[in-house]
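A quick write-up on the structure given underneath.
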Amino acid sequence: MKGYKNVIRQTLIVEIEITREIMIVTALKEGFTSKNTISLSKRIDHLLNELDKINKRDH
């Protein structure tokens, strides 16, 4: 089970980083308060919460 959690953890980290890069580009093009930027920010928050849940289960 630990290997499975590590795969999920790494997948979440990659998805967070990719979404963060997209959010930065979107913010620079559309503005920091655009609907798309805020939506991406919320997606990152969700992914970070999921990562936190997995990390807490290991401790």
Side-chain angles (χ1 to χ4, degrees):
M1 189 71 156
K2 193 148 179 104
Y4 176 74
K5 285 184 181 180
N6 285 334
V7 170
I8 293 175
R9 183 180 290 114
Q10 285 306 114
T11 302
L12 284 168
I13 290 168
V14 169
E15 192 169 348
I16 290 164
E17 290 304 316
I18 290 169
T19 307
R20 183 176 288 145
E21 289 178 27
I22 294 168
M23 183 185 69
I24 291 167
V25 170
T26 302
L28 293 173
K29 286 173 74 174
E30 299 180 12
F32 288 89
T33 59
S34 78
K35 186 176 182 178
N36 290 328
T37 302
I38 292 169
S39 176
L40 289 163
S41 178
K42 288 179 181 180
R43 174 75 179 145
I44 292 168
D45 288 344
H46 172 75
L47 293 169
L48 287 168
N49 287 336
E50 291 300 311
L51 182 61
D52 189 48
K53 285 180 195 175
I54 290 172
N55 288 335
K56 285 182 178 177
R57 288 182 195 149
D58 286 347
H59 298 299

Going from OG on Ser41 to CG on Asn36, what distance comes out if it is rounded to the nearest 0.5 angstrom?
12.5 Å
Check step by step if side chain to side chain contact (heavy atoms under 4.5 Å, CB included) holds for Leu48 and Ile44.
CA-CA 6 Å; Leu48 287 168; Ile44 292 168; 3.8 Å; yes
Given side chain to side chain contact (heavy atoms under 4.5 Å, CB included), test Thr11 with Val7 step by step and report yes or no.
CA-CA 6 Å; Thr11 302; Val7 170; 4.2 Å; yes
Restricting to non-hydrogen atoms, name the atom on Lys5 and the atom on Ile54 that form the minimum distance, rounded to 0.1 Å.
O-CG2, 4.3 Å
Side-chain donor-acceptor distances from residues 12-22 under 3.5 Å, at least two apart:
unit_1, atom_1, unit_2, atom_2, d
Glu15, OE2, Arg43, NH2, 2.4
Glu17, OE2, Arg20, NH1, 2.7
Thr19, OG1, Glu15, O, 2.7

To the nearest 0.5 Å, what is the distance between CG (Leu51) and CG (Leu47)?
9.0 Å
Please give me the minimum heavy-atom distance between Thr26 and Ser34, naming the atom from each residue.
CG2-OG, 4.4 Å
Taking all non-hydrogen atoms of both residues, which atom of Leu40 and which atom of Met23 are closest, and how far apart?
CD1-CA, 3.7 Å
